[in-house]
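No experiment lies behind these values; they were computed from the predicted model shown.
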Amino acid sequence: MAVTQINQAQSEGDCPSPQREVLRLREFNLACGLKLGNAALAWQSWGPHLAPVVIVLGGISADRDIGDWWSAQCGPGRALDPRRQRLVSIDWIGGSDASSGPRNDEDFVPIDSLDQAHAILQLLNHLGLAQIDAVIGASYGGCVGQHLASLLGNRLGRLIVIGAAHRASPWALALRTLQRAGVESARTPEDRRCALARARQLAVLGYRTPAELEDRFGECDPTIGVLGWLAAHGDRFVSRFSAASFLCLSRSLDHHQSEPETIRATTTVVAIAEDLLVPLSLANELVRRIGRDAGLATISSPYGHDAFIKEEARISSIIQSSLDVEIAA
């Protein structure tokens, strides 16, 4: 399936401003059996309304501002170009942005990756988008993307899953359980913030590889090297993410289970050989279970799971070849 370009003059013109709104979700029943009252989904549509529609979804810390957290792939002249594609993105339900989520750092209802997909489906129907050219999901977004592909059926042309599988690996589940344990046991707001920073630091170690850290920090004073780097990651995360949101979305990752056999779209699964969270065996199993319209693209990277952010050229090339588009200068 090729994502058809709009006319050349338009593709080389000015980049349109993103449209950002909040959709009130009607009768939003959750996979856990509860109902989320007054549910809201914050969304962004970036690009011409008549252009091919591409849904873009990232990790648990990502938001609808794809031009910020994935600027290497989303923007004028990039693989995902809002001058010639309509890029649709969201803030996660249960997160710390503008969609429904914890308030005052209180525990939130359980949110399944399937619930996120149902919310996106309501958004697409609200926007009157009968046909979706592609869904591109990385990390948690790849989990949600699988469910969305199943819900869309023949309405979806192409699915690209990067650094995700149909279930959590035991290693990733165990690591996230340890991350949450410190946050869950914290008794004061300050202790909770410190525990959240440590949880993020532990998560970041899982996103990268020992080889990368050795190459980057091997001879450095740890205080200004690897430990300073970890501290900066923790501080940034705590400044914009609540502990309750972290717990909600971390648990959602662990509980993720999709049914690959129900995916009808042509699918590219992108696996990173050094990814500690999503082993190649799981990626291969996902491809096998989807069937004949699925293929595996494997890259090797010292950045491990974070390769979808750090390996800019290779990820761009995979997206372009999967969507069969060329970058407009």
When you compare the side chains of Ser258 and His147, does any donor N or O come within less than 3.5 Å of an acceptor on the partner? no
Shared hydrophobic cluster for Leu159 and Leu296 (ILVMFWY, side-chain gaps under 4.5 Å): yes
Would Glu184 and Arg251 pass as an ion pair if we require N to O under 4.0 Å? yes
Salt bridge or not for Glu27 and Lys35, using N-O below 4.0 Å? yes
Any donor and acceptor pair, going by atom type alone, linking the side chain of His256 with main-chain N or O of Ala165 inside 3.5 Å? yes
Separation between OG (Ser100) and CZ (Phe28), nearest 0.5 Å, reads 8.5 Å
Which heavy-atom pair separates Ala307 from Ile315 by the least distance, and what is that distance? O-CG1, 3.7 Å
With a 4.0 Å cut-off, would you call Arg20 and Asp65 a salt bridge? yes
Between Leu286 and Ala164 the two heavy atoms that sit nearest each other are CD2-O, 4.0 Å
For a side-chain contact (heavy atoms from CB on, under 4.5 Å) check, start with the C-alpha distance between Arg176 and Leu253, then their side-chain angles and the critical distance, and finish with the verdict. CA-CA 9 Å; Arg176 286 190 290 265; Leu253 270 168; 3.7 Å; yes
Evaluation steps, side-chain contact (heavy atoms from CB on, under 4.5 Å), between Arg158 and Thr268: CA-CA 8 Å; Arg158 166 74 70 170; Thr268 300; 3.0 Å; yes
Answer yes or no: does atom CZ of Arg264 have more than 12 heavy-atom neighbours from other residues, nucleotides or ligands under 6.0 Å? no
At their closest point, which heavy atom of Ala243 faces which heavy atom of Val183, and how far apart are they? CB-CG1, 3.7 Å
Check whether Thr298 reaches the backbone of Ala271 with its side chain - one donor and one acceptor, N or O, closer than 3.5 Å. no
Search all heavy atoms of Pro110 against all heavy atoms of Cys32 and return the closest pair with its distance. O-SG, 3.9 Å
For Ala130, does its backbone N or O pair with a side-chain atom of Arg155 as donor and acceptor, under 3.5 Å? yes
Quick check: are there more than 12 heavy atoms from other residues, nucleotides or ligands sitting under 6.0 Å from CD of Glu259? no
Can you confirm whether more than 12 heavy atoms, excluding those of Asn125, are under 6.0 Å from its CG atom? yes
Between Ser185 (side chain only) and Ala181 (backbone N and O only), is there a donor and an acceptor less than 3.5 Å apart? yes
Mutual orientation of the aromatic rings belonging to Trp43 and His126 [parallel < 30°, tilted 30-60°, perpendicular > 60°]: perpendicular
In terms of side-chain geometry, is the basic nitrogen of Asp14 or Arg83 positioned less than 4.0 Å from the acidic oxygen of its partner? no
State which residue, out of Ile132, Leu50, Leu129, fulfils the side-chain contact (heavy atoms from CB on, under 4.5 Å) condition with Arg86. Leu129
Using a strict cut-off of less than 4.0 Å between a Lys/Arg side-chain nitrogen and an Asp/Glu carboxylate oxygen, indicate whether Asp81 and Arg78 qualify as a salt bridge. no
With distance as the sole criterion, is a donor-acceptor pair present between the side chains of Ser300 and Glu274 under 3.5 Å? yes
Regarding Tyr140 and Ser252, do their side chains bring together a donor and an acceptor under 3.5 Å, going by distance alone? yes
Keeping Arg200 on the side-chain end and Asp235 on the backbone end, is there a donor-acceptor pair under 3.5 Å? no
Do His118 and Leu114 come close enough that some side-chain heavy atom pair is under 4.5 Å? yes
Do Phe108 and Arg103 come within less than 4.5 Å of each other through their side chains, counting heavy atoms only? no
Where Arg84 and Pro48 come nearest, the two heavy atoms and their spacing: N-CD, 4.5 Å
Side-chain touch Glu285/His166, heavy atoms, less than 4.5 angstrom: yes
For a quick check under 3.5 Å, do Ser150 and Gln146 share a side-chain donor-acceptor pair by atom type? no
Would you say that Gln85 contacts Leu80 through its side chain, given a criterion of any heavy-atom pair below 4.5 Å between the two side chains? yes
Minimum heavy-atom separation for Pro82 to Cys15, with atom names? CG-SG, 3.4 Å
Would you say Ile60 ends up clustered with Leu173 if hydrophobic residues are merged whenever their side chains have heavy atoms under 4.5 Å apart, either directly or through other cluster members? no
Do Val287 and Asn284 have side-chain heavy atoms sitting under 4.5 Å apart? no
Is the shortest side-chain heavy-atom distance between Trp70 and Ile136 below 4.5 Å? yes
Side-chain heavy-atom pair Ile66, Gln73 within 4.5 angstrom cut-off: no
Side chain Asp306, main chain Tyr207, donor-acceptor under 3.5 Å: no
Backbone N or O of Gln19 within a donor-acceptor pair of the Ser45 side chain at under 3.5 Å? no
Test item: Ser139 side-chain N/O and Gly59 main-chain N/O as donor-acceptor pair under 3.5 Å: no
Find the distance between CG (Asp254) and CG (Leu175) and round it off to the nearest 0.5 Å. 9.5 Å
Same apolar cluster: Leu178 and Leu276, side chain cutoff 4.5 Å: yes
Thr262 vs Leu151, test: side-chain contact (heavy atoms from CB on, under 4.5 Å). Steps then yes/no. CA-CA 9 Å; Thr262 64; Leu151 294 175; over 6 Å; no
Same apolar cluster: Phe241 and Leu205, side chain cutoff 4.5 Å: no
Counting only heavy atoms not in Arg180 (residues, nucleotides, ligands), do more than 12 fall under 6.0 Å from its CZ? yes
Would you say the side-chain atoms of Asp115 pair up with the backbone N or O of Ala31, donor to acceptor, closer than 3.5 Å? yes
Counting N and O atoms only, with roles assigned by atom type, does the side chain of Ser96 sit under 3.5 Å from a partner on the main chain of Ser242, one being a donor and the other an acceptor? yes
Determine whether Ile224 and Phe217 fall in the same hydrophobic cluster, where Ile, Leu, Val, Met, Phe, Trp and Tyr are linked whenever their side-chain heavy atoms lie under 4.5 Å apart. no
Can Val56 and Val88 be said to form a side-chain contact (heavy atoms from CB on, under 4.5 Å), step by step? CA-CA 6 Å; Val56 184; Val88 178; over 6 Å; no
